[in-house]
Amino acid sequence: MKLPGIIFENDEFIALNKPAGLLSVPDRMQSTPSLKDLLIGRYGNIFTVHRLDRETSGVIVFAKTAEIHQYLSVIFQERQVEKVYFGIVWGSPSSPSGIIELPMLEHPGKNGTMVVNRKGKPASTGYEVIENFGKYSLIKFNLFTGRTHQIRVHMKETGHPILCDPLYGDGKPFLVSSLKKNYKHSGFEDELPILSRLALHSAKLSFSDQHEKLFTLEAEMPKDMRALLSQMKKSLGSKA
């Protein structure tokens with residue numbers, strides 16, 4: 001398997017644009033090669049700093065040395081990293097921007113899923129509606145904490161789950177026919193989805209290294225999400 005696009009690399013860390021569908025690190029089942037496996041194959045020692053969900057695309061950073069791993073882990077933990085995501089959600093929040101503060105913990109009966117609970121760890125997500133299409137919205141997120149599935153859980157809890165989310169939404173692939181009332185699919189085969197994975201993208205990470213040098217690492221929104229937004233603009237138009 002080919003290594004995804006490298007955004008930045010030096011002797012201390014590497015930043016890549018992870019495609020949707022690729023594991024960040026090996027899962028318990030060792031089901032498929034992960035991004036970390038690919039990096040180990042090329043570089044040898046590689047250290048996990050943070051993770052992206054399998055179906056989330058975008059910027060991810062791995063450390064190349066134990067020293068840098070410790071430094072990066074600390075600044076991620078102490079909220080010294082700016083983390084920006086873009087997501088396409090159902091509906092639109094009543095307020096065009098704000099901060100969602102809802103504590104989270106692992107679901108007691110469902111391994112691998114999270115739930116809002118007052119006994120959970122603090123979780124803070126800033127959001128801003130970039131485009132409102134009525135039935136759907138493009139939202140920019142700022143992660144102030146880094147809980148597992150944080151954006152996904154917070155959007156579900158506020159009534160605006162991420163499109164195509166199998167855990168916290170309906171998980172259904174998005175079809176062009178969903179946008180057009182009188183859409184007629186030509187041909188005998190089933191209609192192909194315009195988006196069939198979680199509509200969430202890690203767009204930017206910004207932090208200073210131990211020498212106080214600022215790094216801003218960015219990944220363009222992938223083609224599938226851009227195509228969906230283009231169809232939404234054509235079919236629904238942006239709302240005031």
Side-chain angles (χ1 to χ4, degrees), residues 18 20 23-29 31 34-36 47-63 69-130 136-172 197-207:
K18 186 186 86 66
L23 288 166
S24 297
V25 299
D27 59 10
R28 294 173 187 172
M29 306 297 292
S31 55
S34 68
L35 180 52
K36 186 174 183 179
F47 301 85
T48 304
V49 176
H50 66 124
R51 305 179 187 191
L52 294 179
D53 295 340
R54 182 173 189 161
E55 295 305 319
T56 300
S57 57
V59 186
I60 186 169
V61 170
F62 289 86
H69 174 244
Q70 183 178 13
Y71 171 80
L72 291 175
S73 296
V74 168
I75 64 170
F76 267 79
Q77 205 167 34
E78 295 185 350
R79 308 183 191 184
Q80 296 174 30
V81 178
E82 181 187 5
K83 294 177 274 188
V84 176
Y85 287 71
F86 286 101
I88 307 172
V89 308
W90 286 92
S92 187
S94 55
S95 176
S97 63
I99 297 177
I100 302 166
E101 301 269 8
L102 293 170
M104 294 167 48
L105 50 74
E106 188 168 0
H107 194 295
K110 296 180 181 178
N111 289 341
T113 61
M114 306 293 288
V115 66
V116 168
N117 189 294
R118 59 185 177 84
K119 295 181 180 179
K121 294 180 179 180
S124 179
T125 305
Y127 73 89
E128 178 186 356
V129 177
I130 303 300
Y136 316 99
S137 297
L138 171 65
I139 297 184
K140 175 184 176 182
F141 297 102
N142 288 88
L143 272 185
F144 302 126
T145 54
R147 308 301 173 209
T148 300
H149 299 169
Q150 181 175 311
I151 293 173
R152 299 166 67 181
V153 172
H154 277 180
M155 295 317 294
K156 176 196 175 184
E157 194 69 17
T158 54
H160 305 286
I162 305 287
L163 262 59
C164 308
D165 191 334
L167 291 180
Y168 306 102
D170 63 13
K172 294 178 181 178
R197 58 94 171 185
L198 183 71
L200 189 61
H201 176 68
S202 170
K204 182 171 81 169
L205 291 176
S206 185
F207 57 87

Q: Search all heavy atoms of Phe144 against all heavy atoms of Gly126 and return the closest pair with its distance.
A: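 Minimum heavy-atom contact is CE1-N, 3.5 Å.
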
Q: Compare every heavy atom of Gly58 with every heavy atom of His201, then report the nearest pair and how far apart it is.
A: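 Shortest heavy-atom separation between His201 and Gly58 comes out as CE1-CA, 3.4 Å.
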
Q: Where do Ala123 and Met104 come nearest, in terms of heavy atoms and distance?
A: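 Result for this residue pair: CB-SD, 3.8 Å.
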
Q: Quick one: OH on Tyr85 to CD1 on Ile162, what's the gap to the nearest 0.5 Å?
A: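 Result: 11.5 Å between the selected atoms.
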
Q: Taking Gln80 as the fixed residue, which of Glu82, Glu78, Gln77 is the one that meets the side-chain hydrogen bond (donor to acceptor under 3.5 Å, both in side chains) rule?
A: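 By the side-chain hydrogen bond (donor to acceptor under 3.5 Å, both in side chains) criterion, Gln80 pairs with just one of Glu82, Glu78, Gln77: Glu78.
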
Q: Using 0.5 Å steps for rounding, measure from the CG atom of Leu105 to the CG atom of Asn117.
A: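 Answer rounded to 0.5 Å: 4.0 Å.
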
Q: Got a donor-acceptor contact below 3.5 angstrom from the Lys18 side chain to the Arg54 backbone?
A: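 Yes; at least one donor-acceptor contact below 3.5 Å.
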
Q: Of the non-hydrogen atoms in Thr125 and His154, which two are nearest, and what is the gap between them?
A: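 Scanning both residues, the minimum pair turns out to be OG1-ND1, 2.8 Å.
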
Q: I'd like to know if the side chain of Asp53 and the backbone of Glu55 have a donor-acceptor N/O pair within less than 3.5 Å.
A: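 No: the side chain of Asp53 does not pair with the backbone of Glu55.
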
Q: Give me the atom names and distance for the closest heavy-atom approach of Tyr127 to Ile99.
A: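 Smallest heavy-atom distance, with atoms named: CE2-N, 4.1 Å.
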
Q: Is it the case that the side chain of Thr145 and the backbone of Ser124 share a donor-acceptor pair, with hydrogens and angles ignored and the cut-off at 3.5 Å?
A: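 Yes, the answer is positive, given that a donor and an acceptor are paired below the 3.5 Å cut-off.
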
Q: Start with the C-alpha gap between Ile139 and His160, add the side-chain angles, then the distance that decides, and say whether side-chain contact (heavy atoms from CB on, under 4.5 Å) holds.
A: CA-CA 11 Å; Ile139 297 184; His160 305 286; 5.8 Å; no

Q: Could you state the interatomic distance from OG (Ser73) to NE2 (His50), rounded to the nearest 0.5 Å?
A: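 Here the interatomic distance stands at 10.0 Å.
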
Q: Evaluate the side-chain contact (heavy atoms from CB on, under 4.5 Å) criterion for residues Leu138 and Val129: first the C-alpha distance (whole Å), next the side-chain angles of each, then the deciding distance (0.1 Å), finally the verdict.
A: CA-CA 6 Å; Leu138 171 65; Val129 177; over 6 Å; no

Q: Using the rule given for side-chain contact (heavy atoms from CB on, under 4.5 Å), can you reason through Ile130 versus Phe86, listing the C-alpha separation, both sets of side-chain angles and the distance that settles it, and then say yes or no?
A: CA-CA 9 Å; Ile130 303 300; Phe86 286 101; 4.2 Å; yes

Q: Take atom CD in Gln70; do more than 12 heavy atoms of anything else shown fall under 6.0 Å from it?
A: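 Count not over threshold, so no.
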
Q: For Tyr168, enumerate each residue passing the ring pair (Phe, Tyr, Trp, His ring centres under 6.0 Å) test, keeping only those at least two apart in sequence or located in another chain.
A: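 Only His149 meet the ring pair (Phe, Tyr, Trp, His ring centres under 6.0 Å) criterion with Tyr168.
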
Q: Would you find a donor on one side and an acceptor on the other, under 3.5 Å apart, between the side chain of Ser34 and the backbone of Leu23?
A: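 The answer is no, because no donor-acceptor pair under 3.5 Å joins these two groups.
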
Q: Counting only N and O atoms by type, is there a donor-acceptor contact under 3.5 Å from the side chain of Arg147 to the main-chain atoms of Pro122?
A: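 It does hold such a pair.
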
Q: Walk me through whether Asp165 and Trp90 qualify under side-chain contact (heavy atoms from CB on, under 4.5 Å).
A: CA-CA 11 Å; Asp165 191 334; Trp90 286 92; over 6 Å; no

Q: Could you verify whether a donor N or O on one side chain and an acceptor N or O on the other, from Thr48 and Lys36, lie under 3.5 Å apart?
A: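 Note: Thr48 and Lys36 side chains meet the donor-acceptor criterion.
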
Q: Using modelled atom types and a 3.5 Å cut-off, is there a donor and acceptor pairing between side-chain atoms of Ser202 and backbone atoms of Val59?
A: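 A pair under 3.5 Å: yes.
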
Q: Would Arg152 and Thr56 count as having a side-chain donor-acceptor pair, cut-off 3.5 Å?
A: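 Note: Arg152 and Thr56 side chains miss the donor-acceptor criterion.
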
Q: How long is the gap from CD on Glu157 to CE on Met114, to the nearest 0.5 Å?
A: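 So the CD of Glu157 and the CE of Met114 are separated by 12.5 Å.
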
